[in-house]
Amino acid sequence: MNDVILQLDSISKSFDGKMVIDNLDLEIKRNEFVTLLGPSGCGKSTTLRIIGGFAKPDTGRVLFNGKDITNLSPDKRNINTVFQKYSLFPHMTVEENIAFGLKLKHKSAQYIKDKIAYALKLVNMDHYGKRRPESLSGGQQQRVAIARAIVNEPDILLLDEPLGALDLKLRHSMQRELIKIKQEVGITFVYVTHDQEEALTMSDRIVVMNKGIIQQMGTSKSIYDEPQNAFVADFIGDSNIIDGVMVMDRLVEIQGTRIPCVDEGFGTNELVDVVIRPEDLKIVDAEKGYLKGMVVSIIFKGAYYEIKVRVQDYEWSIQSVNPATIGATVGLTILPENIQIMHKPLSVDAEVVKEDE
Amino acid sequence: MNKRTWLSFPYVLWIIGFTVIPLIVIFRYAFTTGDGGFTLENILTIFDPIHFKALVFSLEIAVGCTLICIILSYPLVLAMRRLKMGKSGVALFIIILPMWMNSILRIMAWQMILSPNGILNLILEKLGMKPLSIANTATAIMIGVVYDYLPYMILPVYNAVAEINEDIIEAAKDLGAGSITTFFKVILPLSMPGLLSGIVMVFVPSMTSFVVSDVLGGGKLQLVGNIIEQEFTKSANWNLGSGLSVFLMVFVMISMAFTLKNDVDGKESTVW
Ligand SMILES: Nc1ncnc2c1ncn2[C@@H]1O[C@H](COP(=O)(O)OP(=O)(O)O)[C@@H](O)[C@H]1O
Ligand SMILES: [Mg+2]
């Protein structure tokens with residue numbers, strides 16, 4: 001119990017009669033880097049705002065170190081937020097921005113000075129103290145926003161798509177820096193993003209959300225390797241997802257072909273979702289594969305070729321280091337352990353992404 | 001000359017005809033006697049006790065009116081900020097609506113309300129309270145100018161406050177600022193440009209107004225504007241009237257320049 005710093009207890013929230021968060025339970029451990037991951041509009045920001053105190057849940061409680069803080073206003077929570085963008089005070093210098101929270105806490109001038117110097121160094125902005133926010137790039141502004149939050153030594157730092165407005169290259173370097181900062185300050189991070197790659201690289205634990213419901217929680221590896229439903233599989237990476245029939249333990253039928261797998265415990269002839277990652281499919285001679293189809297497209301992606309092979313009415317996506325010839329008839333094979341078998345979702349929510357496509 | 005320069009020609013004519021020439025005429029009257037000789041007399045009559053008293057009273061009304069408008073504007077504007085997009089537009093429209101009514105009509109309405117047998121005392125009587133004698137007092141004039149010029153404060157302040165990004169206000173709260181601190185450290189400084197144009201738009205007309213005091217002051221309480229008006233109409237002393245006008249104009253210009261300059265300085269210093 002002691003290492004749970006924050007607990008969301010059956011939180012629900014709707015706007016204008018539309019359910020945005022549906023009975024959500026979440027425990028966050030001290031010093032953890034938790035990422036809320038999900039498509040835009042799935043309720044990530046709302047969840048974060050409930051933790052920060054900017055929104056009140058309709059039902060449910062927020063517990064901080066076991067104490068109920070559901071009705072506490074943001075200024076009374078020892079939690080700070082890094083907003084998506086434009087949240088620096090434009091009428092103050094970088095130093096004044098960082099000092100804002102400390103002055104409200106009546107810290108001594110020397111303490112504030114030392115903290116500013118420390119924080120600016122931490123975010124690699126040593127010589128920018130006297131600058132105004134409008135003279136800084138987007139990435140620099142976000143660094144200052146992080147410094148401004150961290151100097152207050154919050155118990156939890158909330159980050160709502162803090163890198164969302166930056167270009168890809170900068171985003172990658174900022175991701176590395178954020179991990180470094182996290183290690184240095186030892187604060188619990190709750191991070192929101194819709195970028196699955198960002199979530200996979202940074203987090204200790206990922207909470208995949210869709211339509212206000214948690215779809216799966218776990219480490220990057222467990223989410224990536226063992227998605228629990230088709231939504232998660234589809235959202236994480238560009239998997240092939242296809243209907244299948246579980247003929248018996250360790251044997252699945254896909255497109256009329258029986259293929260060995262490692263999954264057990266499904267009902268006989270149960271309809272299932274089958275997930276196969278593009279990098280796990282191998283292109284072989286037409287007669288040597290489980291499935292036979294025609295190469296319809298090939299794109300060179302730098303490190304590999306992305307090849308589409310049409311088998312009946314489904315286009316398989318394959319990543320291969322070897323090219324293929326468009327129009328050629330080829331076979332596809334797969335190792336049993338690389339086939340993911342999943343129960344069909346019981347709730348419609350898990351199907352959302354498929355419908356949207 | 002290129003095409004653009006030609007396009008500006010009508011405006012230049014307009015400015016010359018309706019701004020430059022009248023100004024020259026007024027300055028000429030201000031610095032001459034009735035028979036054409038140069039004099040500073042017309043300007044210096046501002047120090048005549050009656051005139052000076054009117055100047056001080058005008059200043060009191062203008063400063064008071066500006067302050068009251070500021071104090072009334074912010075709570076309203078902050079409340080409007082919280083309304084949804086469409087509703088804030090409706091609220092703004094209702095606030096602007098009186099501006100489209102004839103100014104003298106509005107002031108006369110207040111006369112009806114405040115007069116001894118007016119609507120206000122009627123209501124007080126119904127409520128069993130003592131009647132108030134507000135008509136023909138400084139209070140009546142103050143009510144009149146505040147009512148008249150409040151929209152000119154609300155509009156620019158609203159525009160400035162509406163522009164402040166919600167994230168910035170939430171950031172202040174997030175860092176531990178309560179509502180009052182957030183207002184003084186973030187909302188007020190960030191809406192300063194709107195506030196300053198509001199101050200100019202309220203202070204200048206209330207300083208130079210004469211209709212309001214004419215109607216609601218009962219002719220007993222005089223603003224500088226009333227004295228100038230009388231010099232041009234009743235006394236037909238255009239030289240004196242122009243002299244006082246020029247003084248008032250320069251006075252207003254200096255006080256506004258001072259207000260605006262203070263802001264520029266303020267930006268450089270820290271907000272704490
Ligand atoms: N203040 C609000 N008023 C009305 N609807 C809102 C409000 N905040 C969020 N929503 C709605 O709630 C849903 C979830 O929003 P949000 O939590 O911001 O999603 P995410 O951050 O995952 O993109 C969206 O459909 C959004 O339109
Ligand atoms: Mg969001």
Side-chain angles (χ1 to χ4, degrees), chain A residues 15-16 45 48-49 51-55 72-93 95-107 109 112 130 132-133 141 144-154 156-162 165, chain B residues 70 74 77-79 81-88 156-157 159-199 259-272:
Chain A
F15 288 110
D16 313 319
S45 294
L48 211 62
R49 291 170 62 77
I51 300 175
F54 295 105
L72 211 59
S73 62
D75 53 309
K76 303 209 170 58
R77 301 185 183 199
N78 200 17
I79 295 174
N80 287 113
T81 309
V82 177
F83 297 86
Q84 184 162 10
K85 52 182 178 174
Y86 308 135
S87 72
L88 293 181
F89 305 122
H91 58 301
M92 298 182 195
T93 63
E95 283 180 355
E96 286 165 351
N97 264 282
I98 298 174
F100 191 90
L102 298 174
K103 282 183 175 163
L104 289 174
K105 293 192 183 79
H106 306 291
K107 300 288 187 191
I112 293 175
K130 302 277 184 255
R132 287 204 169 258
Q141 290 193 27
V144 175
I146 291 163
R148 181 179 68 175
I150 278 173
V151 290
N152 299 290
E153 300 178 354
I156 303 175
L157 187 67
L158 308 176
L159 303 103
D160 192 352
E161 313 220 11
Chain B
I70 294 172
Y74 271 99
V77 160
L78 290 175
R81 196 194 141 84
R82 281 199 215 103
L83 293 176
K84 292 247 165 68
M85 215 43 192
K87 283 189 190 152
S88 67
V157 170
N159 281 335
V161 168
E163 234 174 59
I164 301 174
N165 196 294
E166 186 64 26
D167 276 0
I168 290 174
I169 291 171
E170 291 197 341
K173 300 235 161 89
D174 187 75
L175 293 165
S179 302
I180 294 169
T181 314
T182 304
F183 177 77
F184 283 106
K185 300 283 183 237
V186 177
I187 296 173
L188 189 62
L190 285 179
S191 59
M192 201 45 90
L195 178 60
L196 287 174
S197 46
I199 289 175
T259 310
L260 298 177
K261 182 181 169 294
N262 261 358
D263 171 56
V264 177
D265 290 350
K267 273 211 174 125
E268 296 310 312
S269 72
T270 112
V271 287
W272 297 90

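Note on naming: letters A, B, ... go to the chains in the order of the sequence lines (proteins, then strands), and numbering restarts at 1 for each one. In what follows, every heavy atom counts, from backbone to side chain, and hydrogens, waters and symmetry copies are set aside. Since the structure is predicted, the reported quantities are computational estimates derived from the model, not experimental observations.
Of the atoms belonging to A:R148, heavy atoms from both backbone and side chain fall under 4.5 Å from chain B. Heavy-atom distances place no part of A:L158 under 4.5 Å from chain B, backbone and side chain included. When heavy atoms are compared at a cutoff of 4.5 Å, A:N80 approaches chain B by way of both its backbone and its side chain.
Of the residues B:D174, B:I169, B:D167, the one that meets the side-chain contact (heavy atoms from CB on, under 4.5 Å) test with A:S87 is B:D167.
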* Asked: Are A:R49 and B:E170 close enough, and set up right, to give a side-chain contact (heavy atoms from CB on, under 4.5 Å), and what steps lead you there?
  -> CA-CA 10 Å; A:R49 291 170 62 77; B:E170 291 197 341; 2.8 Å; yes

* Stepwise side-chain contact (heavy atoms from CB on, under 4.5 Å) test for A:F89 and B:K185 -> CA-CA 10 Å; A:F89 305 122; B:K185 300 283 183 237; over 6 Å; no

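Atom NZ of B:K87 has 12 or fewer neighbouring heavy atoms from other residues, nucleotides or ligands inside a 6.0 Å radius.
A:R77 contributes atom CZ, which lies 13.5 Å from atom NZ of B:K173 (distance to the nearest 0.5 angstrom).
The heavy-atom pair separating A:L104 from B:L175 by the smallest distance is CD1-O, 3.8 Å.
Take B:E163 and apply the salt bridge (Lys or Arg N to Asp or Glu O under 4.0 Å) test, not counting sequence neighbours, and it matches no residue. Annotation: side-chain contact (heavy atoms from CB on, under 4.5 Å) contacts of A:E161 (sequence neighbours excluded): A:K44, A:Q84, A:V192, A:H194.
You'll find the side chain of B:N165 stays beyond 4.5 Å of the side chain of A:P90, heavy atoms only.
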